[in-house]
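Worksheet for the structure shown next.
A note on names: the letters A, B, ... follow the listed sequences, proteins ahead of strands, and every chain is numbered from 1.
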Amino acid sequence: MNKWNDNKAWFMVIPVFLVVAVSAILPLMTVVNYSLQDIFSPTQRIFVGTEWYRDALTDPRLQEAFGRQMLFSGLVLLIEIPLGILIALMMPKKGWGASLSLVLVALPLLIPWNVIGTIWIIFTRPDIGLFGAAINHLGLVFDHTASPLDAWITVMLMEVWHWTPLVVLLAYAGLQAIPEAYFHAAKIDGASSWATFRYIQLPKLRGVLTIAILLRFMDSFLIYAEPFVLTGGGPGNATTFLSIYLVKIAVGQFDLGPAAAFSIIYFLIILLISWLFYQVLLKAGTGEKS
Amino acid sequence: MIMQKRTLGLIFYFILLLLPIYWMLNMSLRTNADIMRVFTFYPQNLTLENYIKIFSDPTWYSGYLNSIYYVSMNVVISLVTALPAAYAFSRYNFLGDKHLFFWLLTNRMAPPAVFLLPFFQLYSTFGLIDTHFAVALSHCLFNVPLAVWVLEGFMSGVPREIDEMAYIDGYSFPRFFLTIFMPLIRTGIGVTAFFCFMFSWVELLLARTLTTTEAKPIAAIMTRTVSATGLDWGLLAAAGILTIVPGALVIWFVRNHLAKGFAMGRV
């Protein structure tokens, strides 16, 4: 889209810049500072350069956690984005049905994350939880505290249950923003519902889907509370995602240095992958916009 | 036929979605001993004990009030600062615009565990610890970028000709923005307001780090259900059910903006 060139637009951006920068810049600099030092006490610290970074990058358990994290976030995107669009397409566009759907769909998002993990502990227990009991009733052996596969299935189910609504709400709002005239035109042309989706709705959803994909990627990559409460990272290390491993390091040691270096690497990985996503999604749109 | 399949699919999804929440409601209406002892589809010895405890204990219900207070503050700050910024990003080229836009989002990418300590130090330097404002301001770190990104997406969907025509008609920028432009993107404003509310409402780590007693959020108070004798599941479930209520009200109020969508205004 062609835009006006005017550096005075900065005045509209300054409030946002200030409000964010006040919380962003100093803590980041402090963590970078920690990551380069061996800290015995507030007054006793030694500069160690890149030692913590080298330790972190060669740590096999960190590499395993990274692999698990990539798999987890990949699955999250593959499941939640299509499912979210599908549900948004099924929701009524107006009337009481639309209001009810909106309220229902938002419910899982509103529960604090530590509570979600706790509720799912009971929900999946074979003796007193609905889900666990139902699975056992089907004759399947299911125990997320013993089997790594079951633990993964449970964490994925919880994640999809919890976060698909975010994609639904964004996609639904994006669909609502498409002018009715487009649909009339499609109807007159006799377009099938697939063609309407592919050539009218999907291109118009590009903006909200870019945000949905980036948000789901970032937040699932940083996921901590729900799987930690539910599985504690186990059985074994099967669901020890990056942030769970990070907290193990940060709490387990008195020294902030290695955990700070880990945090910076972690941050840079998310930054790099998000940037790649963003570039791809920006380009994906340009061909379809015309 | 297609309509029916859609409705059935939607109902199926909502049933799955509501099952864990129903189970939480079921737990909240039973005593802890009862929850741990028997499996039951509905509470047989129904009790409101858990809810009465929350509503009669000021340390419990003040948690809700604190959360509502700082979350509202955060939503207002986020929307008021993000609206003009998103307009600038969607309409103007200016020095560093693309870098600044992506930088905003990078603030959602830091793993919180290690960042909490410098946050605490920073806010204590300003003497803001244990104030609602501190939590509201710190939540801007992840909510303002989100608001700018979502709003920019919706604003870019509005043709620039609308702005040009309004300026030719002699509208001033504030009048154009408030009376023509904002109604056009109210779907986006509705969804942004809800997301800011939601992310601030469920955020636990920052809110807990920056508060001690006066502004302690509900999510932190809930961790008190863990005691030496184990977890009080019933009480936690009741508190969980009550945390859903304010957000459900928020989405109820913005639902019309979400559902009615894009009307082409005066054009």
Side-chain angles (χ1 to χ4, degrees), chain A residues 1 3-7 9-10 12-13 15-16 19-20 23-24 26-27 30-31 87 90-91 94 98-99 102-104 106-115 118-119 122-123 127-128 130 133 161 169-170 173 176-177 179 207-208 211 218 222 243 246-247 250 259-260 263 266-267 270-271, chain B residues 6 9-10 13-14 19-21 23-24 27 39 81-82 84-85 87-88 91-95 104 106-111 113-115 118-119 122 138 140-141 144 148-150 153-154 156-157 187 191 198 201-202 204 219 222 233 236 240 243-244 247-248 251-252 255 258-259 261-262 264:
Chain A
M1 187 197 271
K3 297 180 181 180
W4 293 303
N5 290 310
D6 192 348
N7 277 329
W10 254 99
M12 293 195 235
V13 179
V16 154
V19 156
V20 175
S23 306
L26 274 174
T30 315
V31 172
I87 292 160
M90 290 195 293
M91 277 167 52
K94 45 181 151 261
S99 305
L102 281 170
V103 174
L104 285 180
L107 293 181
L109 293 171
L110 294 162
I111 309 169
W113 302 346
N114 49 343
V115 180
T118 324
I119 294 302
I122 294 281
F123 188 62
D127 52 345
I128 52 172
L130 185 62
W161 170 80
L169 286 175
L170 276 170
Q176 292 287 356
V208 285
I211 300 158
M218 292 184 299
L222 288 166
S243 60
L246 170 64
V247 173
S263 297
Y266 198 162
F267 172 70
I270 301 182
L271 182 66
Chain B
R6 277 186 177 190
L10 197 63
Y13 172 70
F14 281 139
L19 282 178
I21 296 173
W23 212 247
M24 181 156 80
M27 284 161 68
F39 174 88
T81 56
Y87 184 80
R91 292 299 194 253
Y92 293 100
N93 288 316
F94 52 94
L95 190 66
L104 279 174
T106 63
N107 293 300
R108 293 183 67 95
M109 299 177 187
V114 178
F115 281 80
F119 254 98
L122 178 69
S138 70
C140 285
L141 183 67
V144 167
V148 172
W149 272 63
V150 175
F154 281 89
S156 295
T187 315
V191 83
M198 184 268 288
W201 183 252
V202 296
L204 172 64
M222 278 187 188
W233 303 92
L236 184 88
T243 53
I244 297 181
I251 196 125
W252 182 255
R255 76 185 188 285
L258 288 173
F262 195 91
M264 283 298 277

Could you tell me which portion of [X] (side chain, backbone, both or neither) has an atom closer than 4.5 angstrom to a non-hydrogen atom of chain A?
X: B:M222; answer: side chain
X: B:W149; answer: both
X: B:L95; answer: both
X: B:I244; answer: both

How close do [X] and [Y] get, heavy atom to heavy atom, and via which atoms?
X: B:V191; Y: A:L169; answer: CG2-O, 4.1 Å
X: A:V103; Y: B:W252; answer: CG2-CE3, 3.7 Å
X: B:A248; Y: A:L110; answer: N-CD1, 3.5 Å
X: B:S138; Y: A:S23; answer: CA-OG, 4.0 Å
X: A:A106; Y: B:I251; answer: CB-CD1, 3.7 Å

Quick check for you: to the nearest 0.5 Å, what is the distance between [X] atom [atom1] and [Y] atom [atom2]?
X: A:L271; Y: B:R108; atom1: CG; atom2: CZ; result: 14.5 Å
X: B:M24; Y: A:I119; atom1: CE; atom2: CD1; result: 5.0 Å
X: B:F119; Y: A:L26; atom1: CZ; atom2: CG; result: 10.0 Å
X: A:I87; Y: B:R6; atom1: CD1; atom2: CZ; result: 13.0 Å
X: A:M12; Y: B:T81; atom1: CE; atom2: OG1; result: 14.0 Å
X: A:I122; Y: B:L236; atom1: CD1; atom2: CG; result: 9.5 Å

Below 4.5 Å, heavy-atom pairs only: which of [options] has the largest tally toward chain A?
options: B:G153, B:P84, B:G9; answer: B:P84
options: B:P20, B:A219, B:C140; answer: B:P20
options: B:L204, B:L19, B:V150, B:V202; answer: B:V202

Could you label the plane-to-plane angle of the A:W4 and B:Y92 rings as parallel, tilted or perpendicular, counting under 30° as parallel and over 60° as perpendicular?
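Judged by the thresholds at 30° and 60°, the geometry between A:W4 and B:Y92 is tilted.
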Which one wins on heavy-atom pair count under 4.5 Å against chain B: [options]?
options: A:I270, A:L130, A:V16; result: A:L130
options: A:L104, A:T30, A:V115; result: A:L104
options: A:V208, A:V247, A:L107; result: A:L107

What do the steps show when you test A:V13 against B:Y87 for side-chain contact (heavy atoms from CB on, under 4.5 Å), and what is the final call?
CA-CA 9 Å; A:V13 179; B:Y87 184 80; over 6 Å; no
Suppose we screen for side chain to side chain contact (heavy atoms under 4.5 Å, CB included). Which residues come up paired with B:P111, at least two apart in sequence or across chains?
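Partners of B:P111 by the side chain to side chain contact (heavy atoms under 4.5 Å, CB included) criterion, ordered by chain and then number, come out as A:L222, A:L246, A:S263, A:Y266, A:F267, B:F115.
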Going by side chain to side chain contact (heavy atoms under 4.5 Å, CB included), name the residues that satisfy it together with B:N93, two or more places apart in sequence or in a different chain.
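For B:N93 the side chain to side chain contact (heavy atoms under 4.5 Å, CB included) partners, ignoring immediate neighbours, are A:K3, A:N5, B:D97, B:K98.
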Side chain, backbone, both or neither of A:N114 within contact of chain B (heavy atoms, under 4.5 Å)
side chain
